[in-house]
Trainee: 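Pasting a structure here, questions to come.
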Amino acid sequence: MTLKIYNSRSRQKEEFQPLREGKVGIYVCGITAYDLCHVGHARSAIVFDVITRYLRYRGWEVTYVKNFTDVDDKIIDRARRENTGISEIAERYIREHDNDMDALGVARPTFAPRATENIDGMIRLVTTLLEKGLAYPVEGDIYYSVERFPGYGKLSGRNIEEMLAGARVDVNDKKRNPFDFALWKASREGEPWWESPWGHGRPGWHLECSVMCRRHLGDTFDIHGGGEDLVFPHHENEIAQSEGATGKTLARYWIHNGFVRVNSEKMSKSLGNFFTIRDILRQYHPEVLRLFLLQSHYRSPVDFSDAALSEARQGMNRFYSTLKLLKDIEAGGTEAATEAAEKDGEMKAQLLNLRERFREAMDDYFNTARAIRLLNTTLAEKKPGVSRGVLVEAGKTFLEIGSVLGLFRQEADEYLRQDREREAVKRGLSVAEIERLIAERRAARAAKMWQRADEIRNGLAVQGVILRDGPDATTWRIS
RNA sequence: GGCGGCAUAGCCAAGUGGCUAAGGCAGCGGUCUGCAAAACCGUUAUUCUCCGGUUCAAAUCCGGAUGCCGCCUCCA
């Protein structure tokens, strides 16, 4: 069985064959550290987190590189506004980014290089491009000459003439062609600068990625990823720089994730329709956000809304309720499970099948939506008639698959407790008050005062508190 | 203006040539329960935006229409 990857470059699914036996190198464009990350960044991070987890699950040794852009116009602007240096700004938002990613359960990459740590490499690359006649200097700036690179546009499926015909290109008479882009910019007064053969200056945005991926992964590596919006011009320019300099293919497979939308529009800083990761994590468990995002295929757009998250929360509760049930069964606390039962064979087959079908789904260019459906389908398979041992095995299989998707990482009891407390707080309910009423109702029930008991339950139900009478205790959750 | 993507039930969403079109949420009926909840059983698209075409066979391929979105400027 082979893994199929949709390659943006060829616009079709291709069989994945790593360059080096048993190893995979993957580079993903990270963030520009000038503000808090929003749900769009979360999607990209989670998608590539799951991709690397799956590649590892499949047995490859993965080197995962994700960079930080820590010098850029926006960082400079922000530093100026806050009257501080760019490294303070970058440092702050890299830290915040890491906090958010940790909270989301996104594994740290193997390497997380920063642009400013690679200035020497960038200068060397620009020098090579100048020597090869692919770049030219103008007043301390160095531009890449897109016309000198024959393959320009091959990733995004454009050609220079067509784009020129479409107009809407910026006016800059320093450039020979409007699509030429800055490799190196002369620093103006008050801007950060580095010493270079062309005077004091700073790197253009695309340059860092060419340098950092090459440094960690070599001239040619397996997978290059990022958000859909990076296809043009960022990745196109990276190809021009890297392939122009080395004469070798930069990345063999290009993976681009689709956008998060809000009311059918792209979530973005400039539109102002974004939600930061931490805003969302105040309202929902990280795995709810994860489930929500992974329920769609990574290339499809996904519409973000509170209703959609709330729905994902229901799904997550269902999973964790089942995991709790399985755990209780393992602990021997539930009478339902027997030691051997007639449906064992069926369930075992189902579990074996689940692993296989999970792999099939993920092999089909990381179809997490299909994978999640499999979990749901398995959930629906009858528990009665299956023995304790097999149910315990089922729980383990779920956790195994969950570990690839980054789900079910928490103890079920703890998850459910946190969920109801979070939801109670969101609705302005007091946990202590709820529990007091439950105690009162229990007393009423013991005395068979059904009317009072129902009054309390209905009163709580109106506020969204659903009670569940168990054999020895009453538990509650928020609808 | 150029290039590209998407359209499947009340909502979300998989399926990209052939068994009865997955799954979730919501809804409805039932078992269970003091009443509930959970769980379980059953049920909810003769049909995939529309119109043509190819084929023995299409949600799936081709052409056209409509609608929505993205990239072309910083963007995950």
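Protein chains get the first letters and strands the later ones, always in sequence-line order, with residue 1 at the start of each. Both backbone and side-chain heavy atoms feed into the values below; hydrogens, waters and symmetry mates do not. What you see is a predicted model; the values in this text were computed from it and never measured.
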Trainee: Using the P atoms only, state how far B/G18 lies from B/A36, rounded to an integer number of Å.
Mentor: 47 Å
Trainee: For A/Phe181 and B/U73, what is the distance between atoms CZ and P respectively, to the nearest whole Å?
Mentor: 13 Å
Trainee: Could you tell me the separation between the CD1 atom of A/Ile372 and the P atom of B/C12, rounded to a whole number of Å?
Mentor: 17 Å
Trainee: Atom CE of A/Met362 to atom P of B/A14: distance rounded to whole Å?
Mentor: 14 Å
Trainee: Of the listed nucleotides (B/C72, B/C68, B/A36), which one gets closest to any side-chain atom of A/Ser264?
Mentor: B/C68
Trainee: So what does A/Val302 touch, heavy atoms closer than 4.0 Å: a base, only the sugar-phosphate, or nothing?
Mentor: nothing
Trainee: Quick one: A/Asp454 CG to B/A37 P, roughly how many Å, whole number?
Mentor: 12 Å
Trainee: Considering only the P atoms, how many Å lie between B/C11 and B/A26, rounded to the nearest integer?
Mentor: 16 Å
Trainee: Going by modelled atom types, is there a donor-acceptor pair between the base of B/C69 and the side chain of A/Asp303 at under 3.5 Å?
Mentor: no
Trainee: Would you mind pulling out the nucleotide paired to B/C25, Watson-Crick or G-U wobble, both distances under 3.5 Å?
Mentor: B/G10
Trainee: Decide, yes or no, whether a salt bridge links A/Arg290 with A/Glu287 under the criterion of side-chain N to carboxylate O below 4.0 Å.
Mentor: no
Trainee: For B/C6, does either OP1 or OP2 sit under 4.0 Å from a side-chain N or O belonging to A/Arg299?
Mentor: no
Trainee: Quick one: label A/Phe48 by what it contacts on the DNA or RNA (base, sugar-phosphate, nothing), any heavy atom closer than 4.0 Å.
Mentor: nothing
Trainee: Give the nucleotide from the list B/G23, B/U73, B/C71 with an atom nearest to the side chain of A/Phe259.
Mentor: B/C71
Trainee: State whether A/Arg477 places a side-chain N or O below 4.0 Å from either non-bridging phosphate oxygen (OP1 or OP2) of B/A38.
Mentor: yes
Trainee: Round to the nearest Å and state the distance from A/Leu291 atom CG to B/A13 atom P.
Mentor: 13 Å
Trainee: Under 3.5 Å, is there an N or O donor on one side and an acceptor on the other linking the side chain of A/Asp229 and the base of B/G70?
Mentor: no
Trainee: Should the pair A/Asp363-A/Lys4 be classified as a salt bridge under the 4.0 Å nitrogen-to-oxygen rule?
Mentor: no
Trainee: Taking any strand in view, what nucleotide pairs with B/C32 in a Watson-Crick or G-U wobble way, both distances under 3.5 Å?
Mentor: none
Trainee: From the set B/A14, B/A36, B/G23, return the single nucleotide nearest to any side-chain atom of A/Ala369.
Mentor: B/A14
Trainee: Rounding to an integer number of angstrom, what distance separates B/C72 and B/A58 when you compare their C1' atoms?
Mentor: 35 Å
Trainee: Under 4.0 Å between any heavy atoms, over every strand shown, what does A/Arg441 touch: base, sugar-phosphate, or nothing? Just pick one.
Mentor: base
Trainee: Using modelled atom types and a 3.5 Å cut-off, is there a donor and acceptor pairing between side-chain atoms of A/Asp180 and backbone atoms of A/Val146?
Mentor: yes
Trainee: What do you reckon, is NZ of A/Lys154 surrounded by more than 12 foreign heavy atoms closer than 6.0 Å?
Mentor: yes
Trainee: Please determine, for B/U60, whether a Watson-Crick or G-U wobble partner exists with both distances under 3.5 Å, and give it or none.
Mentor: none
Trainee: Contact class for A/Ile466 (heavy atom, under 4.0 Å): base, sugar-phosphate, or nothing?
Mentor: sugar-phosphate
Trainee: Scan side-chain atoms only and decide if A/Glu238 and A/Ser210 contain a donor-acceptor pair under the 3.5 Å cut-off.
Mentor: no
Trainee: State whether the distance check finds a donor on one side and an acceptor on the other, under 3.5 Å, for side chain A/Arg457 versus base B/C35.
Mentor: yes
Trainee: Quick check for you: among B/A13, B/C72, B/G24, whose closest atom lies nearest to any side-chain atom of A/Arg318?
Mentor: B/G24
Trainee: What is the minimum heavy-atom distance between A/Arg11 and A/Tyr6, and which atoms define it?
Mentor: CA-OH, 3.3 Å
Trainee: Considering only side-chain heavy atoms of A/Gln314, which listed nucleotide, B/C25, B/G24, B/A76, is closest?
Mentor: B/C25
Trainee: Give a yes or no on whether the ring-centroid distance for A/Phe408 and A/Phe319 is below 6.0 angstrom.
Mentor: yes
Trainee: Tell me what A/Gly315 touches on the nucleic acid: a base, only sugar-phosphate, or nothing, going by heavy atoms under 4.0 Å.
Mentor: nothing
Trainee: Quote, to the nearest angstrom, the C1' distance that separates B/U60 from B/U55.
Mentor: 13 Å
Trainee: Can you tell me the pairing partner of B/C48 across any strand shown, Watson-Crick or G-U wobble, with both distances under 3.5 angstrom?
Mentor: none
Trainee: Roughly how many Å is it from CZ in A/Arg313 to C1' in B/G24, rounded to a whole number?
Mentor: 15 Å
Trainee: Determine the interatomic distance between P on B/A59 and the same-named atom on B/A7; round to the nearest Å.
Mentor: 15 Å
Trainee: Expressed as a whole number of angstroms, how long is the span from A/Asp469:CG to B/A36:P?
Mentor: 12 Å
Trainee: How do A/Gly258 and A/Arg158 order along RNA chain B: which one's closest nucleotide is nearer the 5' end?
Mentor: A/Arg158
Trainee: Classify A/His234 by what it touches in the nucleic acid, base, sugar-phosphate, or nothing, heavy-atom distance under 4.0 Å.
Mentor: nothing
Trainee: Do A/Glu311 side-chain and B/G24 base share a donor-acceptor contact under 3.5 Å?
Mentor: yes
Trainee: How many whole angstroms separate atom NE2 of A/His38 from atom P of B/A76?
Mentor: 6 Å
Trainee: Is the number of heavy atoms from other residues, nucleotides or ligands under 6.0 Å of A/Glu411 CD greater than 12?
Mentor: no
Trainee: Touch check for A/Lys269, heavy atoms < 4.0 angstrom, all strands: base, sugar-phosphate only, or nothing?
Mentor: nothing
Trainee: Tell me whether the OP1 or OP2 atom of B/A76 has a side-chain N or O from A/Lys66 closer than 4.0 Å.
Mentor: no
Trainee: Provide the Watson-Crick or G-U wobble partner of B/C68, both distances under 3.5 Å; none if there is no partner.
Mentor: B/G5
Trainee: Confirm from the modelled atom types if A/Arg445 and B/G34 form a donor-acceptor pair under 3.5 Å, side chain to base only.
Mentor: yes
Trainee: Is A/Asn367 near enough to B/G15 that one of its side-chain N or O atoms lies under 4.0 angstrom from OP1 or OP2?
Mentor: yes
Trainee: If I pick the C1' atom on B/U20 and the same atom on B/C48, what distance separates them, to the nearest angstrom?
Mentor: 16 Å
Trainee: Under a 3.5 Å limit for both distances, which nucleotide forms a Watson-Crick or G-U wobble pair with B/C19, could you say?
Mentor: none
Trainee: Compare the minimum distances between each of B/A76, B/G23, B/C74 and the side chain of A/Thr377, then state the nucleotide with the smallest one.
Mentor: B/G23
Trainee: Give the nucleotide from the list B/A76, B/C69, B/A14 with an atom nearest to the side chain of A/Arg261.
Mentor: B/C69
Trainee: Using a strict 4.0 Å threshold on nitrogen-to-oxygen distance, state whether A/Arg441 and A/Asp469 make a salt bridge.
Mentor: yes
Trainee: Between the base of B/A76 and the side chain of A/Arg43, is there any donor-acceptor pair under 3.5 Å?
Mentor: no
Trainee: Of A/Leu374 and A/Phe232, whose nearest nucleotide on RNA chain B comes first from the 5' end?
Mentor: A/Leu374
Trainee: For the P atoms, the ones on B/U31 and on B/A37, what distance do you get once it is rounded to whole angstrom?
Mentor: 13 Å
Trainee: Can you check the distance between B/C50 and B/C68, where both ends of the measurement are the C1' atom (answer in whole Å)?
Mentor: 15 Å
Trainee: Tell me whether the NZ or CZ atom of A/Arg158 lies within the 45° cone about the ring axis of A/Phe232 and under 6.0 Å from its centre.
Mentor: yes
